[in-house]
Amino acid sequence: MPAAAEPSATPEFPKAYDPAPAETRWYAVWEEAGVFSPEVNPDGEPFCIVIPPPNVTGSLHMGHAFEHALIDATIRHRRMQGYAALWLPGTDHAGIATQNVVEREIAKEGLNRHDLGRQSFIERVWRFKEESGGQITQQMRRMGSSCDWSRERFTMDEGLSHAVRLVFVGLYEEDLIYRANRIINWCPRCHTALSDIEVEHEEVEGELCYFRYPFTDGTGHVTVATTRAETMLGDTAVAVNPDDDRYRDAVGKTLKHPFFDRELVVVADDVVDPEFGTGAVKVTPAHDPNDFDIAQRHDLEAIDIFDESANITEAGGERFVGQDRFSARMSVKEALEEARLLEKVEAHHHAIGHCYRCHTVVEPRLSLQWFVRVRPLTIPAIDAVKDDRTRFIPERWEKLYFDWMENLRDWCVSRQIWWGHRIPAWYCPDGHVTVSMDEAVACGECGSKEITQDEDVLDTWFSSALWPFTTLGWPDDTADLRRYYPNAVLHTGFDIITFWVARMMQMGIHFAGDVPFAQVAIHGLVRDADGRKMSKSFGNVVDPLELAGRYGADALRFALTRAASPGQDVPLAEEWVDGGRKFINKLWNASRFVHQNLDGQTLSAIEAAGLPDDLALADRWILSRLATVIESVERGFTEYDFAEALRDLYAFTWGEFCDWYIELAKLPLNAGGAERARTQAVLGHVLSNVLRLLHPVVPFATEELWERLGGDGLCIVARWPQADGLPRAPDAETAMGAVVEIVTAVRTFRSEQTIPPSKRFPVHVVPADDRQRDVLASVEAEILALAGLDAVVLETERAPQEGEHRMVAAGAEVIIPLEGLVDVEAARSQIDRQIGKLNADLERVRAKLASDGFVAKAPADVVEKERRKEAEAADALDALRAQRALFG
RNA sequence: GGGCGCUUAGCUCAGUUGGGAGAGCGCCGCCCUUACAAGGCGGAGGCCGUAGGUUCGAGCCCUACAGCGCCCACCA
């Protein structure tokens, strides 16, 4: 081939791979070529993944990098297989989180959001979003994520906001959303309600305070126990279990509140556990969900004693007004002590809830909120997983999903913040509610023009729940929606199964008419090298961009993906990333070798020509192994066990292709002629397959090499490897196994005797059988070269004789004359070690054969195998012992 | 209080229906062999958490226990 056909645009092929230029170049080339669009495979089956939207104002952290590496590997794999693969990107407005960030920012200017007012505060957040919103998507490009940016969405863009309103109105009309006065979780710092799952429970060492309420008739008292003494300011009753004999006479009597002119009634209620505390529970209807329920049943008054920051209001009494919860707790105990009503305070271990955004202790609070009636939505969502319309991988996560779904309470969706989708409900002075898609101008019930919109916005997770179909154009019947819904798979962490996955299931089935995705692939958490969760406060977070800068984005992706077994956490040590870089460099150099030996032929030309039919043993071996690896990688990618796929691919590429095939290939390449041509073809085929198999995980380097080697078109859209067309050769695999064992045996001898590699010597080999003899005869030259010998003498038999070393490998005897190599003394200990090892093997086999019932009960083929092992080991041991005897 | 996961080489982890324990990194020795010293070749190192059970045979299946981690939970 003429020199002009040199495939590489850049003629030089450096000895080391430099990721930086390749990574900056190829992303632009791909985007330019339009290959991120599913239309690149217009006739392909649809395969869509909608991104779990990161916070629009955030930056890419290691968890994103990991999740995106898995999504991108999946998408690239499917794209190469010919699917119309769509990775739809986008971001989330992240209500409370984003609002908190902006509030902190304006706090630096000495302002709070109320100083700015709703309108300008929201404008301020939008401005912040515009400034920082592009950062994470830029970082995704840097990591090589092959998203279709033309379809990018944002949870608060016009279309999605419209869809959110439509869903709200729809749920309202179906009576699946309602407004009610309930005890909700209140964050006194964020000043908003939270849903149940937005509360994080944490074990703390608290207290249990015992104090007395005297009877109004002066006949004594009832002692109650509480962990929150301050709430007694809002007590309106005491409850006991109806079956509790201790309090039989107390039920129905009244108690005197020590600080107020108020009487508390003693009620009997089943929820009271007689075993806990004194068996008598103080009842604070406004500040405890249990107490609220009791109050409902017994028609008790609810007294709210806290303001929105959980400070005591006037309802809590002059003495305590203005105090926060914790100092009020102290003050109340003091006051009780003064009144001689405090009995004791015990240490008490219990769990208390914290806000998942700011970690403030959550306060149960009675307030008017919007709730989604979830029960009707859960049933179809549970069924969908039960009959496998959606499948969790690994399956065990379905349990969490079912447990949560089955125990679900109504979802509080209103938030008292400003950043988010404003609730489309209006109220008139008469208290009528008007829920409407469009800006309401009059009360729907009485026609009053004096209406005001609900001040609240919806929970961020409300819009997230609609993400799989709203991003595709719902409620319009778009081509995308028809084609890409349901999505193929959702890659996500177990931590948001309840927040997100379960709700997408509910909403998807209800509004889009089908499950949102066929599979949910759950991945683990990226941890630090010591297995600790990465956290800012602990200071062990690792920046993926920084690592990608030093090792290459491919190296990081490879390291992360290589550790990704379904559901398993990934400990990330920098050495792993460095390992990725080393592997890619190895691939680079293997490609460099192939390139140097192809005489200018391109991979594309080699592939077009097909495999030659005069394949040698090593050729058949590597192609057969390649077929197995292709199947393994396919299985791993399909089942999202990337660790398995990459383990095999790594071992094949480095341990078989580089270490053995390329080394063996040097002989026929040097021989020239037909042998050279044949070997070039096999090298080209295998390398082409390896590059394509690695591409989903190592996109930049493989694309760079694909170009340099002259692959057909772009690697990103190259045909995915098929095991079908490759010749299977179990005989060649056995034969190569023998070659590897024999070569390794000689190398071990050489290494242990510290014989320099440059020192050549002959070996005699007595093959195990005739078949092996033929094989070894055909690869004599290869053994010679790989073991650094000057002769391989095949013999039918060789009696032990003085001055020779003897080893056993693959059932063959390998005999090395020691003359001029090492002295007899040095070889003696080595042969002793061999005898020891072989002897132990033999004894184990014999013990097994002699043990009770083995021969009788084990399968025939297993017994046969053991017998063969015994015979071989016995023969070999005899020979070694005879040899050993000659050492004196 | 319930549930789940993990426990295998110094470290991080594989180990697919039960049939002679593996990888990467680290460590030791030899080698700049014309793809790669970011490399090659070889080596050392493991009562597979503990105790029972099933089985001819257990890292793998069953039971109990221990340690670590995680999730859920309206006993005030």
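The analysis underlying the following values was restricted to heavy atoms, covering all of them including side chains, and did not include hydrogens, waters or symmetry mates. So that the names make sense, note that chain A is the first sequence line, chain B the second, and so on, each numbered from 1.
A distance of about 8 Å separates the C1' atoms of B:G46 and B:U8, rounded to the whole Å. When the P atom is used for both B:C6 and B:G45, the distance is 30 Å, rounded to whole Å. Of the P atoms belonging to B:A73 and B:G3, the separation is 15 Å, rounded to the nearest Å. Only the C1' atoms considered, B:G22 is 31 Å distant from B:C32, to the nearest whole Å. The P atoms of B:G52 and B:G18 are separated by 24 Å, rounded to the nearest whole Å. As rounded to the nearest Å, B:C60 and B:U50 have P atoms that lie 11 Å from one another. Comparing B:C68 with B:U63, their P atoms are spaced 23 Å from each other, to the whole Å. Separation of the C1' atoms belonging to B:C56 and B:U12 is 37 Å when rounded to the nearest angstrom.
Here the straight-line distance linking atom CD of A:Glu363 with atom CG of A:Asp288 works out to 9.5 Å at 0.5 Å rounding. If you take OH on A:Tyr661 and CG on A:Leu687, they are separated by 11.5 Å, rounding to the nearest 0.5 Å. With rounding to the nearest 0.5 angstrom, the OG atom of A:Ser591 is 5.0 Å from the CG atom of A:Leu691.
Counting only residues at least two apart or in different chains, ring pair (Phe, Tyr, Trp, His ring centres under 6.0 Å) contacts with residues 565-587 of chain A comprise A:Phe558-A:Phe583, A:Phe583-A:Tyr650.
Scored by the salt bridge (charged side-chain N to carboxylate O under 4.0 Å, His left out) test, A:Arg409 finds A:Asp196 as partners (sequence neighbours excluded). Partners of A:Leu649 under the side chain to side chain contact (heavy atoms under 4.5 Å, CB included) rule, at least two apart in sequence or in another chain, are A:Val629, A:Val633, A:Leu646, A:Thr653, A:Leu693, A:Leu694. Shown here are the salt bridge (charged side-chain N to carboxylate O under 4.0 Å, His left out) partners of A:Asp569, two or more places apart in sequence or in another chain: A:Arg527. Contacts of A:Arg592 classified as salt bridge (charged side-chain N to carboxylate O under 4.0 Å, His left out), with partners at least two apart in sequence or in another chain: none. In this view, A:Glu346 and A:Lys344 satisfy the salt bridge (charged side-chain N to carboxylate O under 4.0 Å, His left out) rule, not counting sequence neighbours. Here A:Phe292 pairs with nothing under the ring-ring contact (aromatic ring centres under 6.0 Å, His included) rule; sequence neighbours left out.
Using a 4.5 Å cut-off on side-chain heavy atoms (C-beta onward), A:Leu255 and A:Val238 make contact.
Counting any heavy atom pair closer than 4.0 Å across all strands shown, A:Arg562 reaches sugar-phosphate atoms only and no base atom. Using a 4.0 Å heavy-atom cutoff across all strands shown, A:Lys399 reaches sugar-phosphate atoms only and no base atom.
To the nearest angstrom, P of B:G20 lies 15 Å from CD of A:Glu864. For A:Arg527 and B:G5, the CZ to C1' distance is 11 Å, given to the nearest whole Å. Between A:Asn670 atom CG and B:U33 atom C1' there is a gap of 13 Å when expressed in whole angstrom units. Across the protein-nucleic acid pair, A:Arg635 atom CZ and B:U16 atom C1' stand 7 Å apart, rounded to whole Å. When rounded to the nearest whole Å, the span between CZ of A:Phe583 and C1' of B:A23 equals 13 Å. B:U16 atom P lies 19 Å from atom CD of A:Glu631, rounded to whole Å. In this structure, A:Glu656 atom CD and B:A23 atom P are separated by 13 Å, rounded to whole Å. Atom CG of A:Asp641 is separated from atom C1' of B:G15 by 12 Å (rounded to the nearest Å).
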Where do N or O atoms of nucleotides 8-10 of chain B meet protein N or O atoms at under 3.5 Å, pair by pair?
none

### Task
Go along nucleotides 36-47 of chain B 5' to 3' and tag each nucleotide: B for a protein heavy atom under 4.0 Å from its base, S when only backbone or sugar atoms are that close, - otherwise.
BSBSSSSS----
### Query
What does nucleotides 71-76 of chain B look like as a protein-contact string, B for base, S for sugar-phosphate only, - for none, at under 4.0 angstrom between heavy atoms?
S-BBBB
### Summary
Protein-proximity profile, nucleotides 53-63 of chain B, B/S/- by nucleotide at the 4.0 Å heavy-atom cutoff, equals ---B-------
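At a cut-off of 3.5 Å, with distance as the only test, a side-chain donor of A:His349 or A:Glu205 sits close to an acceptor on the other residue. The closest side-chain donor-acceptor pair between A:Lys282 and A:Thr231 falls under 3.5 angstrom.
The strand RNA chain B forms stems, runs of 3 or more Watson-Crick or G-U wobble pairs with distances below 3.5 Å, at B:1-7 with B:66-72, B:10-13 with B:22-25, B:27-31 with B:39-43, B:49-53 with B:61-65.
Between A:Asp599 and A:Arg676 there is a salt bridge, since at least one side-chain N of the basic residue sits less than 4.0 Å from a carboxylate O of the acidic one. Remark: A:Lys869 engages A:Glu866 in a salt bridge, criterion side-chain N to carboxylate O under 4.0 Å. A salt bridge is defined here as a Lys NZ or Arg NE, NH1 or NH2 lying under 4.0 Å from an Asp or Glu carboxylate O, and A:Asp293 with A:Arg297 fails to meet this definition.
Ring-plane geometry between A:Trp397 and A:Phe494 is classed as parallel, the angle between the planes falling under 30 degrees on a 0 to 90 degree scale with a further cut at 60.
For the pair A:Arg182 and A:Phe371, the distance from NZ or CZ to the six-membered ring centre is under 6.0 Å and the angle to the ring normal is within 45 degrees.
Taking side-chain N and O atoms only, A:Gln753 has no distance below 4.0 Å to OP1 or OP2 of B:G29.
In terms of position on RNA chain B, the residue among A:Tyr650 and A:Pro571 whose nearest nucleotide sits closer to the 5' end is A:Pro571.
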